[in-house]
Amino acid sequence: MNNIDEVRNSLESKSLKVCVVGIGRIGLPTALSFAKAGLQTIGVDINEKLVDSINTENFPLKDEPGYEEIFNKVRKNGNFSATTNINEAISKSNLILLSLPTPMDEKNIPSYFALESVGKQLSHILQPNSLIVVESTIEPGFIENDLINILEGTNRLYVGKNFTIGVCPENANPGEILHDFTNLPRLVGSIDEQTTKIITMIYDFVFSVELVTMPDCKTANAVKLTTNVFRDVNIAFVNELSLMFDKLGIDTLKVLDAAKRKYNFQIHYPGAGVGGPCLPINSYQFLGTARRTGSKLSIIKLSREINEKMPDYVINLTLDGFKKCKKSIKDSSVLILGISYKPDVKDVQLSPAEIIINKLKALGARIKIYDPYYKGSQVFGISVEQNIEDVLSKVDASIIITAHKEFQEINLKIFTKMKTPILIDSRGVVDTSSANDAGLVFRGLGRGI
Ligand SMILES: NC(=O)c1ccc[n+]([C@@H]2O[C@H](COP(=O)([O-])OP(=O)(O)OC[C@H]3O[C@@H](n4cnc5c(N)ncnc54)[C@H](O)[C@@H]3O)[C@@H](O)[C@H]2O)c1
């Protein structure tokens with residue numbers, strides 16, 4: 001995999017063998033894209049249930065439009081299968097993509113455990129002349145300072161000599177992965193110019209998007225983190241502004257809508273908190289890099305603090321609604337509308353909903369949940385309701401935590417069925433005057449009321 005003509009031939013003849021290690025939210029669509037391009041692709045995962053589901057033709061990512069069709073096609077033509085056996089998969093592959101999770105622990109310290117442990121396995125089983133591409137989001141320097149040492153740890157193979165490595169950080173958005181994979185530019189960095197050219201050629205063959213050449217792995221990973229942390233910091237900025245605008249009776253959404261007309265203003269919205277597998281972790285990854293390098297990233301640290309305080313503000317708005325109705329929150333019943341960390345996906349990783357639920361419980365409230373993506377399942381120890389209309393007459397207040405499409409299109413009149421008509425909107429989906437016209441006790445985060 002270090003000869004550009006040989007790789008080109010292996011793409012044209014479809015003889016390049018691909019292994020994707022980690023076939024979750026990002027890895028599975030990645031593997032399906034390689035298989036759709038006609039390349040034999042095998043997905044490796046430690047999750048036996050996931051592997052079984054794939055091998056029994058049961059597509060696991062129902063909230064990713066467009067992929068079920070591709071999945072059925074590449075399963076049928078034999079281009080894609082899954083296994084838990086990494087040894088067997090690696091022994092048959094020349095191109096190894098790592099799409100492993102990079103979460104953080106309870107103390108917000110980023111963990112590279114999955115990459116390190118697969119790196120150790122690869123140090124024993126990697127085929128000579130392989131190419132490894134790391135798609136996971138990592139701190140700048142992780143490849144150069146950590147992963148290469150692990151891969152060379154058994155003194156079998158050496159980077160630049162018997163194998164090569166690069167990165168192509170993933171920047172797709174859950175729920176829109178097919179669109180993003182076929183439209184968004186991607187970054188390619190590696191240990192040398194030749195490897196970068198080879199990765200670029202392969203990704204161009206599979207995705208046909210703009211591929212941006214980076215000088216090395218660490219710069220590519222720095223770009224990936226910069227784009228996401230930029231959002232975390234800007235959301236903190238509007239969150240903090242929205243707290244002040246509430247005191248001034250100013251609707252933050254009106255401010256933002258007008259501000260975005262200026263060409264160099266980039267809009268970000270206030271809300272109940274920033275969750276998901278990317279933004280909060282990416283900020284802590286940069287903070288980890290700052291610690292290691294003796295640098296200061298105070299704006300990121302402060303932004304995290306602001307965004308992590310937003311659930312408290314949602315609680316304050318809720319208490320204010322109860323106060324207006326002269327009712328105690330203790331022993332009341334509160335309906336949480338939306339638990340996903342972002343609209344229109346089934347994903348509760350680091351969702352502010354969980355924090356808000358726990359705070360409400362601590363105040364003595366009983367919690368009910370409605371989320372169209374989790375109907376009938378148990379989440380955070382609570383059974384998710386099947387139908388919003390049926391539950392409303394049993395609750396005292398509703399809090400919109402996720403701006404799912406269903407909530408954006410909701411007829412506000414249904415909330416008058418509640419025992420006390422308290423509606424809290426933490427995502428700017430409710431029109432204030434319509435809420436008032438419907439006779440609701442309405443509190444909107446950052447809406448000046
Ligand atoms: N989900 C996103 O929005 C998103 C977007 C861009 C980038 N990323 C990055 O992509 C990477 C993957 O994220 P994801 O959301 O797909 O995670 P995920 O948790 O959905 O998938 C990771 C998969 O890896 C498997 N796995 C864990 N340890 C393993 C091991 N030792 N061997 C084999 N398989 C193992 C897990 O079982 C899981 O199926 C992360 O670095 C993440 O930051 C995620």
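Note that ligands are numbered from 1 as they come in the structure, with each ligand's atoms numbered from 1 the same way. Quick caveat, the model's predicted, so the values are computed rather than measured.
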Fill in: Matching residue for Arg447 among Asp251, Asp431, Thr252 - test: side chain to side chain donor-acceptor pair (under 3.5 Å)
Asp251
Does [X] come within less than 4.0 Å of [Y], counting only side-chain N to carboxylate O?
{"X": "Lys120", "Y": "Glu116", "answer": "no"}
{"X": "Lys254", "Y": "Asp257", "answer": "no"}
{"X": "Lys309", "Y": "Asp312", "answer": "yes"}

Item to complete: At a heavy-atom distance under 4.0 Å, which protein residues reach ligand 1? Sort them by chain and number, would you?
Response: Val21, Gly22, Gly24, Arg25, Ile26, Asp45, Ile46, Asn47, Leu50, Ser99, Leu100, Pro101, Thr102, Ala114, Ser117, Val118, Ser136, Thr137, Glu170, Ala172, Pro174, Lys224, Pro277, Cys278
Worksheet item: For atom NZ of Lys218, is the number of surrounding heavy atoms from other residues, nucleotides or ligands below 6.0 Å larger than 12?
Response: no
Discussion item. When you compare the side chains of Asn239 and Asn307, does any donor N or O come within less than 3.5 Å of an acceptor on the partner?
Written reply: yes
